[in-house]
Engineer: 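Here it is, the structure, as structure tokens.
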Amino acid sequence: FQFTFFLRANLGLLFQQPQKKGRPFTDIKFWKDGKTYAITRDDFELFSDCFCSNKVKGNVKLVSPIVDQTELSNGITVYTFMSEEGLVYGTSRPSLEEVTEQTTEE
């Protein structure tokens with residue numbers, strides 16, 4: 001009983017919070033840790049749609065270490081990532097590495 005009450009109270013608070021950019025689920029699912037990540041393979045293809053038909057050009061900076069995996073009804077697995085511009089997708093699971101900003105002293 002206490003857990004159910006606690007859960008209802010906290011979920012109520014969660015859904016009463018103002019929505020950030022209309023993406024509350026993605027903000028929770030792909031939480032940010034303040035770091036930026038890059039995919040380690042140069043030939044890895046990212047897509048702007050979940051059907052993996054529109055390739056994203058250029059370097060994509062990921063802002064969450066979370067990679068979501070979903071198997072479609074046709075047996076294909078799609079991986080979802082959070083970039084600076086929003087969700088991006090891939091057809092294989094890459095390795096991520098933290099991007100560190102290099103500073104130069106003058």
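Keep in mind that this is a model prediction, so the values were computed, not measured. When a residue number appears, it is its place in the shown sequence, counting from 1.
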Engineer: Could you state whether V63 and Y79 fall into the same hydrophobic cluster, counting links through intermediate Ile, Leu, Val, Met, Phe, Trp or Tyr residues with side-chain heavy atoms under 4.5 angstrom apart?
Structural biologist: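 Looking at the clustering, Y79 is in a separate group from V63.
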Engineer: Looking at residues at least two apart in the chain, or sitting in another chain, which of them share a side chain to side chain donor-acceptor pair (under 3.5 Å) with D43?
Structural biologist: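 D43 satisfies side chain to side chain donor-acceptor pair (under 3.5 Å) with R41 once adjacent residues are dropped.
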Engineer: Would you indicate whether the side-chain heavy atoms of T80 and Y89 approach each other to under 4.5 Å?
Structural biologist: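 Yes, their side chains come closer than 4.5 Å.
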Engineer: Side-chain heavy atoms nearer than 4.5 Å, only ILVMFWY residues, links allowed to pass through others: does that put V88 and F47 together?
Structural biologist: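 In one cluster: no.
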Engineer: Looking at CG of L46 and CG of N54, how far apart are the two atoms once the value is rounded to the nearest 0.5 Å?
Structural biologist: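 One finds 12.5 Å between CG of L46 and CG of N54.
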Engineer: Do L72 and T77 have side chains that get closer than 4.5 Å, going by heavy atoms?
Structural biologist: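 Side chain of L72 against side chain of T77, heavy atoms only: no contact under 4.5 Å found.
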Engineer: Taking all non-hydrogen atoms of both residues into account, name the closest pair between V60 and S83 and its distance.
Structural biologist: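 Answer, listing the atom of V60 first, then S83: CG1-CB, 3.5 Å.
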Engineer: Find out if a path of hydrophobic residues (ILVMFWY) with successive side-chain heavy-atom gaps under 4.5 Å connects V67 to L87.
Structural biologist: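 No: no chain of side-chain contacts under 4.5 Å links V67 to L87.
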Engineer: Output the distance between atom CZ (R93) and atom CD1 (I39), rounded to the nearest 0.5 Å.
Structural biologist: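 It is 11.0 Å, given to the nearest 0.5 Å.
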Engineer: Which pairs count as salt bridge (Lys or Arg N to Asp or Glu O under 4.0 Å) when at least one residue sits in residues 61-83, sequence neighbours excluded?
Structural biologist: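 Qualifying pairs, neighbours excluded: K29-D68.
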Engineer: When W31 is tested against each of I28, D33, D27 for side-chain contact (heavy atoms from CB on, under 4.5 Å), which residue passes?
Structural biologist: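 Between W31 and the candidates, side-chain contact (heavy atoms from CB on, under 4.5 Å) is satisfied uniquely by D33.
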Engineer: Are M82 and L96 linked, directly or through other ILVMFWY residues, by side chains that come within less than 4.5 angstrom of each other?
Structural biologist: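 No, M82 and L96 fall in different hydrophobic clusters.
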Engineer: When you look at CZ of F44, are more than 12 heavy atoms from neighbouring residues, nucleotides or ligands closer to it than 6.0 Å?
Structural biologist: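 Yes, because the 6.0 Å sphere around CZ of F44 holds more than 12 heavy atoms from other groups.
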Engineer: Hey, could you give me the CD1/OG1 distance between I76 and T91, rounded to the nearest 0.5 Å?
Structural biologist: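 Spacing of CD1 (I76) from OG1 (T91) equals 8.5 Å.
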Engineer: Can you confirm whether more than 12 heavy atoms, excluding those of D42, are under 6.0 Å from its CG atom?
Structural biologist: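 Open.
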